[in-house]
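Each ligand, and each atom within it, is numbered from 1 in the order the structure gives.
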Amino acid sequence: MKLWQGRFETSLSADADAFNESLSFDKKLYKADITASVAHATMLGECGIIEKEEAEAIINGLNGVLADIESGALAVENAEDIHSFTESELVARIGQVGKKLHTARSRNDQVATDMRLYARESADRAIRLLKDLLQTLCDLSRKNLNTVMPGFTHLRKAQPINGAQYFNAYAEMFLRDLDRFCACRNRMNVMPLGSAALAGTSYPIDRERTKSLLGFAEISQNSLDAVSDRDFIAEYCFCASLVMAHLSRLCEDTILYTSDEYGFWVIPDEYSTGSSIMPQKKNPDLPELVRGKTGRVYGHLTAILTVLKGLPLAYNKDLQEDKEAFFDTENTLFSCLAIYTALLQKLKFDPERMLEAAGEGYSTATDIADYLAKKGIPFRDAHAITGKIVRYCIEQNKPFTALSAEEFRAVDERFEQDVLACVATRNSAEARDSVGGSSRSAAEKGLLALERRLKNY
Ligand code: ARG
């Protein structure tokens with residue numbers, strides 16, 4: 001029996017019923033749905049819209065339904081959606097009085113309220129997982145304060161950088177993500193309940209009361225908007241998408257840096273996989289999977305934005321499509337954040353290999369140009385002179401560090417003995433002491449600042 005059966009001569013055909021239903025996926029909302037219903041019934045009783053005893057019977061009945069779902073005694077099945085399920089189960093338990101629960105309410109403000117309650121908890125979990133990841137990145141940064149590694153542009157060695165500076169870079173990204181999730185959580189913390197189907201209600205309800213019972217910060221100010229707004233779902237999916245973008249970049253670095261060709265980091269066996277045919281293989285399946293799952297999270301964001309596009313005011317059934325996209329987004333986000341944090345905690349490093357690699361590819365050429373520029377030679381000319389040194393080294397098949405001061409002077413007589421120190425790999429990283437730069441002390445300051453900012457959340 002449908003909640004809306006009254007005006008229909010026949011019941012919904014089985015195929016239409018199967019197509020229309022949402023219980024198979026919105027049963028996840030059972031707790032939010034019952035919590036919101038308990039608050040609604042409490043308010044109806046306090047405002048005299050239903051009798052106090054009636055409210056009490058409804059609240060006890062609802063709490064019984066919740067307890068039985070949680071214990072596994074009651075299976076959530078055989079209804080159109082979670083709202084129909086809860087109500088029919090309530091009526092089956094307490095009889096006619098259960099039918100008064102839906103006074104001054106519609107499934108439209110009910111589902112909007114449930115989704116906000118659910119998404120608020122989900123955002124809290126995303127925030128906790130992001131904080132764990134950030135703490136892990138800060139730990140890795142501290143561990144790598146003395147590491148010098150190659151910094152890349154265009155995936156070619158560019159300049160030596162500090163290992164802590166590298167991890168700080170990702171921490172900066174995830175700190176922005178954390179801030180975005182907190183802002184998203186605040187914006188969604190607004191209660192639609194009391195908007196009813198779309199136009200509000202003629203009953204003397206007390207929305208402030210349900211708001212405080214449900215812990216919302218505010219109540220919605222327009223009933224048409226409140227029942228049809230799913231911005232908060234789109235925004236959550238966007239926040240998740242950017243987290244995935246950042247994770248995916250870190251995954252790509254992990255895959256490269258742990259390869260034989262790079263050999264900077266090692267993923268321990270517990271987080272590596274093998275090949276069914278090639279016995280020697282140790283594969284980075286986990287980072288690859290996180291990188292791959294980024295695509296599906298982006299897909300859900302695109303899906304929800306497309307559902308919202310062009311919807312006439314106010315509620316439309318299209319909005320039911322927000323759920324599967326949202327639920328899969330949060331699941332994917334949580335599992336990726338958790339597994340990557342665990343993997344990072346176990347990551348091993350080869351600092352000698354990183355230092356060696358950092359010095360390859362004439363990565364200190366900029367230091368030579370800067371050396372000349374600091375003697376008053378215009379930087380453009382210093383760049384050209386250094387280019388000649390690079391060419392000379394390539395011809396001679398030598399790194400800068402194998403050159404003598406005489407060889408430098410043969411290209412330009414303004415070079416002095418001290419040029420030899422400025423091409424040393426570690427000195428190059430140390431020379432960039434600007435705020436946010438690659439010196440150890442700049443990286444340490446960056447780390448301390450990150451930890452300080454992280455404490456604000
Ligand atoms: N399952 C529906 C949804 O997710 C609940 C709201 C139904 N409202 C309606 N007017 N049919 O949006």
Side-chain angles (χ1 to χ4, degrees), residues 1-8 11-37 39-40 62 65 69 76-91 99 101-122 188 190-201 214 220 222-237 300 303-331:
M1 194 50 176
K2 299 294 179 202
L3 296 175
W4 38 263
Q5 197 60 49
R7 64 97 63 220
F8 291 85
S11 55
L12 192 63
S13 85
D15 53 352
D17 196 16
F19 186 76
N20 188 51
E21 73 87 31
S22 55
L23 186 67
S24 54
F25 48 89
D26 71 12
K27 60 178 162 199
K28 275 194 146 191
L29 297 174
Y30 75 86
K31 197 169 171 190
D33 195 64
I34 294 175
T35 306
S37 287
H40 183 65
L62 286 169
V65 175
I69 295 175
V76 182
E77 57 195 15
N78 296 326
E80 180 180 325
D81 55 26
I82 187 62
H83 325 295
S84 317
F85 174 84
T86 317
E87 190 175 319
S88 59
E89 187 57 33
L90 178 70
V91 173
K99 295 182 179 171
L101 170 61
H102 213 52
T103 314
R105 187 177 78 168
S106 153
R107 277 187 297 166
N108 296 352
D109 61 341
Q110 193 179 352
V111 71
T113 304
D114 292 1
M115 281 300 275
R116 283 176 187 264
L117 285 173
Y118 185 95
R120 193 173 70 179
E121 250 186 67
S122 179
M188 71 170 69
V190 177
M191 189 192 72
L193 196 62
S195 302
L198 76 163
T201 178
L214 294 172
S220 59
N222 184 296
S223 59
L224 300 172
D225 175 47
V227 294
S228 59
D229 169 33
R230 296 293 183 278
D231 291 3
F232 65 105
I233 300 289
E235 200 177 344
Y236 183 109
C237 291
H300 294 317
I304 184 71
L305 288 172
T306 312
V307 166
L308 295 179
K309 171 188 173 299
L311 281 187
L313 210 59
Y315 177 84
N316 299 269
K317 190 68 173 248
D318 314 43
L319 293 173
Q320 180 167 289
E321 283 294 307
D322 65 349
K323 291 176 194 59
E324 286 158 294
F326 175 72
F327 294 145
D328 190 64
T329 297
E330 54 154 12
N331 274 340

Peer 1: Can you sort out the partners of F8 under ring-ring contact (aromatic ring centres under 6.0 Å, His included), two or more places apart, ordered by chain and number?
Peer 2: W4
Peer 1: With side-chain contact (heavy atoms from CB on, under 4.5 Å) as the test, pick out the partner of D322 among I233, L308, V307.
Peer 2: I233
Peer 1: Salt bridge check: are D229 and R116 linked by an N-O gap of less than 4.0 Å?
Peer 2: yes
Peer 1: Which residues satisfy the side-chain hydrogen bond (donor to acceptor under 3.5 Å, both in side chains) test with E87, sequence neighbours excluded?
Peer 2: none
Peer 1: Suppose we screen for ring-ring contact (aromatic ring centres under 6.0 Å, His included). Which residues come up paired with F327, at least two apart in sequence or across chains?
Peer 2: Y118
Peer 1: Could you go through ligand 1 and list every pair where one of its N or O atoms sits under 3.5 Å from a protein N or O, giving the atom names and the distance to one decimal?
Peer 2:
from: ligand 1; atom 1: 1 (N); to: S22; atom 2: OG; distance (Å): 3.2
from: ligand 1; atom 1: 1 (N); to: Q320; atom 2: OE1; distance (Å): 2.7
from: ligand 1; atom 1: 4 (O); to: K323; atom 2: NZ; distance (Å): 2.5
from: ligand 1; atom 1: 8 (N); to: N108; atom 2: OD1; distance (Å): 3.0
from: ligand 1; atom 1: 10 (N); to: N108; atom 2: OD1; distance (Å): 3.0
from: ligand 1; atom 1: 12 (O); to: Y315; atom 2: OH; distance (Å): 2.5

Peer 1: Pick one: which of L90, V91, L3 meets side-chain contact (heavy atoms from CB on, under 4.5 Å) with K99?
Peer 2: V91
